[in-house]
Amino acid sequence: FGSSLSRAAGSITLAAMDGGGNQEEQQRALMVIQQIAQATQMQMKILGKCFDRCVDVPGSELSKGQQECIWHCTTRLFDTEQFLQQRLQERNKASGGGM
């Protein structure tokens, strides 16, 4: 997900920024950048929640148990987020909203 957005953003923004892009390309570049920012914000929010859940008192290193807890927590939350996004898209398509 993230890497495909990054590649798309790179190619679109280069075309839009070098002055050769038209207004439509610039708008697409802005949309891609906004999607990347939203995805990054979601990732940081999930990681922060999991860190708070798994680490009582931060030290200089995470224990193996803390690392595993954060891994399992983030995996569950990312899977849940993807599931909910897919459901929302399907619901919008079914109701004629089409995203």
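We use all heavy atoms of the structure for the numbers below, so side chains are in, but hydrogens, waters and symmetry mates are not.
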Inter-residue atom distance [X].[atom1] - [Y].[atom2], 0.5 Å rounding:
X	Y	atom1	atom2	value
Lys93	Leu88	NZ	CG	11.0 Å
Cys54	Gln67	SG	CD	11.0 Å
Met42	Phe78	CE	CZ	5.5 Å
Glu25	Gln27	CD	CD	11.0 Å

Which hydrophobic side chains are connected to Phe51, either touching it within the sub-4.5 Å cutoff or through other members that do? Leu47, Val55, Leu62, Ile70
Are we looking at SG atoms under 2.5 Å apart for Cys73 and Cys50? yes
Please evaluate residues Glu81 and Leu77 with respect to the criterion side chain to side chain contact (heavy atoms under 4.5 Å, CB included), reporting the C-alpha separation (whole Å), side-chain torsions for both, the decisive distance (0.1 Å), and the verdict. CA-CA 6 Å; Glu81 182 71 25; Leu77 289 177; over 6 Å; no
Closest non-hydrogen contact found for Gln66 with Glu61 is OE1-O, 4.1 Å
